Structures are given as C-alpha cells and as structure tokens.
There are 2 protein chains.
Amino acid sequence: MPLEDYPRPSVTVDVIIFTWRNDELEVLLIKRKYPPFEGMWSIPGGFVEIDESLESAALRELKEETGVRDVYLEQLYTFGDVGRDPRGRVITVAYFALVPAPLIDPRAGSDAAQADWWSIYDPPPLAFDHARILAYAMQRLRYKLEYTAAAFELLPETFTLGELQAAYEIILGEELDKRNFRRKILSADIIEETGDYQTGEGRPARLYHFREDAVAEVKARRLFP
Amino acid sequence: MPLEDYPRPSVTVDVIIFTWRNDELEVLLIKRKYPPFEGMWSIPGGFVEIDESLESAALRELKEETGVRDVYLEQLYTFGDVGRDPRGRVITVAYFALVPAPLIDPRAGSDAAQADWWSIYDPPPLAFDHARILAYAMQRLRYKLEYTAAAFELLPETFTLGELQAAYEIILGEELDKRNFRRKILSADIIEETGDYQTGEGRPARLYHFREDAVAEVKARRLFP
DNA sequence: TCCTGTTGGTGTCAAATATACACAATTATA
DNA sequence: TATAATTGTGTATATTTGACACCAACAGGA
C-alpha cells in the first residue's frame, strides 16, 4: 500500500504564544509577507517536513519566524476542516506556550518577518481560521489556570502578589478575594519571597519568585475550585 | 507557494472506542488483513481523504471497519513521531468515544474486517504505536471520569447504582465508599429512577437512567474531587 | 418453610475546605 | 504634613468531604 498515490492533505503546525504584558494577556502574531492573506496577521507556524516530529516542527517554525526558542509547548488541538486554507487541503496541529514577556524579543526572527505582541482583547483580523484557533487557545488557557498554577509561566521572574492576582482575575474574568487568594497561593507552597520589595505608589510590595523545583508538581495540582 | 512540491507526511485518523462489558472496561480493536503488521490487532482507523474533515474521516473509517455509527467522537491527541509507521511518514489524529456495549455489533463492518472487544487489562500486542495511543486514551478516560460523570456513556440505558459504582471503581482504580458515592451521584441530579428493579442474587436493586436533558451540563461539571 | 448467603439501601458526626468580610501599615505625592 | 493609593493581615460561618455500621429484601438450598 504505497503512500504517494493520490492527493492528500498537507500538514502544518501553528504555535500560540501567550504572555503577560502591559497588565494584560497578549499573544505573539506575525504579519504575513506572502499570499494568501498577504499583509494580514496570523499565528506563527508552517509546514511539517518529512523528517521532523510535530513538536520539532513547531519549535523550528517558532525560531525562524519569531526568534523565540526554548519554550515548553503543549499540543492544543488539530484543526482539519476542508476549506480552511485557500491553497488546498491543509491540516494544522496547533500548539501553545506560556512565556514571560521579558525573555522574548519578537523582532529577532531570522527571516525578519514582522512579529509583535497583541492584546488578546483587541487582536487584528487574522488570516485563515486563526481567529477560531486563538479563541480555542484562550479557552484552554482559562481552563488550565482554573486547574493549575500556570499563571507563573506568564509572569516575569519576580512579581508581587497583587500582580499575580491581577493576572488571574483578568484571565479568569472574575474578581478574587485578596485575602483568600493570598492564603491559597501561599499555602500551596509554590512561591517564595525574594526578600526584596517593589516600590511605587502606595505601600511597597514584597517580591516573590516561583519555586522552580515545584514545576512538575504544580503542573498537576489543582489550585482553584 | 504550491502545495505538492516536496515529500510530505500522510495523515490518518484512529478511533479508540471504549465500552463497559463483562464487568470490565473494553476497547474495540480490529485484526489487520494487510501488511504491515498483517494479522496483528490495531485501533480502527485509516487515511484521511482530500475532501473530508478529520471527524468525517474518523466516522467513515469506523463505519467501514466496525459497522459502528452515530457515536460522539472527541479528539484525543495527534501523534506524529517520525518512525511510527514503517510505510513512511504518517501522522495520526486520534479520536475516542464512549459507547454502551449493547448498541454495537462489532462484526457488522462492511469490509468484513475482524473486529472485537478486548479487555483493557489484557489487550493483545498492537500494531504501530497503538499501545501508546491506547495508554494515552486510558489516561484521558480516567481524567474525564474524575472530572465529569462520563461513565454513563459507557453503561447500558438502565443500570443500578452498584453497577455504576463498580464501573467508576475499576476505571479509576480505587475503592469508593458506597454511601458517599450514592450521595454524590444522586445530589448531582443527573440520573433518575426508572421505577423498575433488577433482580438477581440478593436484594433487588433500583434501576436508574441517565437524564438525557442533562448531558451538556454534566459534561462540563466536576463530580469527583 | 426457614435458614443462610448475598447484595441493596440508609444517616450522622467530625474534619477539611471554601467563603465572606474590614481595617491598619506603609509609602509617594501634592 | 495631609491625602491618596496600595499592601498586608485574621476570624467566623457555611459547605463539602470522609469515615463509619446496620437493617432490608430477595434467592437458593437445607
């Protein structure tokens, strides 16, 4: 049973990268340089080569298009509707990742595609069915935050409890009680004080950092009811 | 940017079908009639045609190979490692479904492939990387049961609380307290008494049925801690 | 027919967890 | 130095979970 006898779907990978920036949730998008959808924004991605795994392809595309490397990818969903790409039948395996914004300079992509962060709440029109993929990724992110402490992966290395709570509230879309939030996070034993303080308007806030040795454990743990 | 210029991966769909039969969890497998892995058992599936969606392909293959139709499929994961199929580069999108055993006669497949139920706890050696896919599906099923009331989808139309609890216990791999289990299930308001009883050894047991109008609601709800 | 084995069905109390809620402490800035 | 803004803290109540033991109803065999 040969494999190349009749027309078959092509396969791409797309990677949704979220971060926390400017007090809101943002996503990394690239501006398309070629047709179709030339000049429109889209989720970074590209075709899977014959000799690379899906995850390798996702990491390669990400590096080529955005300069981003060394991120932890999680498979999101595979979108395969017939009409989703005007070039022909293309099935895309979507991945997503959470990264701290300061680690990434979107303009470092080696093929100089224009890449930039966009607010999740005010994204540009997107190519293909990428708006749908983005919506699905958002839903998954909310789900993930409800069940785990994943928000740390979005924040910078040190952060205050106020910032952490703000991130949870915006992503989950509901207000949380300050005292209950702090108690839950602190008793979960996944962050530690750095000893430093962040100053600004109002009383200075303690800075915390995520306990890296708790990553694996935390990823499986349920934090919010 | 043409789509057919260089070698690309092929795409298949595989469908893991679980049911509850003979007081255990079973999975539907088919015996391969052609190489590779001729004569070995495998998860039903096949190539995605150019003009059908992934889910359509999954339903079609399922009907062709097992006679099973009208099941609700959920996308599981996409497996795309380079060496997983000896015929060449094949990426497979795996789906899974929960069905009540009595609804299905595995031998009704139109191309007369041999299809049969196998215990999850004693499966035959499987072709390709299907053992891995099956293990992943099992994990997902357990996860699903922990978080929702999905076990109903496996049982026949009417069932006793004893049967329901037994299914949960075997799938989750732990014993549950009878009184607490009943309290939780009944207070969740997702099953109703039929009014009939099932007789047998010991005191007759009330029969219940799942409240179909609660399906959507229940799928999102968390039942076990 | 009655004894026995087997499975079905029920309530309570204690512990753990979640929720609601208000004010003093510390700084920047006007 | 007064004011505005933000951080940081404890307790009481309600809800949920977990542990636990006995009687009820039937089948089958003595």
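Protein chains get the first letters and strands the later ones, always in sequence-line order, with residue 1 at the start of each. Quick caveat, the model's predicted, so the values are computed rather than measured.
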Spacing of [X] atom [atom1] relative to [N] atom [atom2], expressed in whole Å:
| X | N | atom1 | atom2 | answer |
| --- | --- | --- | --- | --- |
| B/Y197 | D/dA27 | OH | P | 14 Å |
| A/Q198 | C/dA28 | CD | P | 13 Å |
| B/L186 | C/dG11 | CG | C1' | 14 Å |
| A/E174 | C/dA20 | CD | P | 11 Å |
| A/D177 | D/dG8 | CG | C1' | 13 Å |
| B/E193 | C/dG8 | CD | C1' | 13 Å |
| A/E175 | C/dA20 | CD | C1' | 14 Å |
| A/R179 | C/dA18 | CZ | P | 17 Å |

Inset, instruction - Return yes if a side-chain donor-acceptor contact under 3.5 Å exists between A/T78 and B/T78, otherwise no. - result: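 Indeed, the side chains of A/T78 and B/T78 share at least one donor-acceptor pair under 3.5 Å.
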Side-chain donor/acceptor pairs under 3.5 Å, residues 131-141 of chain B, sequence neighbours excluded:
residue : atom : partner : partner atom : Å
B/R140  : NH1  : B/L76   : O            : 3.1
B/R140  : NH2  : B/Q75   : O            : 2.9

Legend entry - Distance-minimising heavy-atom pair for B/L73 and B/A58: CD1-CB, 3.6 Å
Expected rows: protein N/O vs nucleotides 4-7 of chain D N/O, under 3.5 Å:
residue : atom : partner : partner atom : Å
D/dT6   : O2   : A/R203  : N            : 3.2
D/dT7   : O2   : A/R203  : NH1          : 3.0

Can you name the side chain to side chain donor-acceptor pair (under 3.5 Å) partners of [X], sequence neighbours left out?
| X | result |
| --- | --- |
| B/E24 | B/S119 |
| B/E55 | none |
| A/T92 | A/T12, A/D14 |
| B/R21 | B/E26 |

Nucleotides 11-14 of chain D: which of its N/O atoms have a protein N/O under 3.5 Å away?
residue : atom : partner : partner atom : Å
D/dT11  : O4   : A/R183  : NH1          : 3.4

Would you mind writing out the side-chain donor-acceptor pairs for residues 170-178 of chain A within the sub-3.5 Å range, not counting sequence neighbours?
residue : atom : partner : partner atom : Å
A/D177  : OD2  : A/R179  : N            : 3.1
A/D177  : OD2  : A/N180  : N            : 2.9
A/D177  : OD2  : A/N180  : ND2          : 3.4

Inset, instruction - For A/F128, check ring-ring contact (aromatic ring centres under 6.0 Å, His included) against everything at least two apart and list the hits. - result: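 A/F128 satisfies ring-ring contact (aromatic ring centres under 6.0 Å, His included) with A/F37, A/H130 only.
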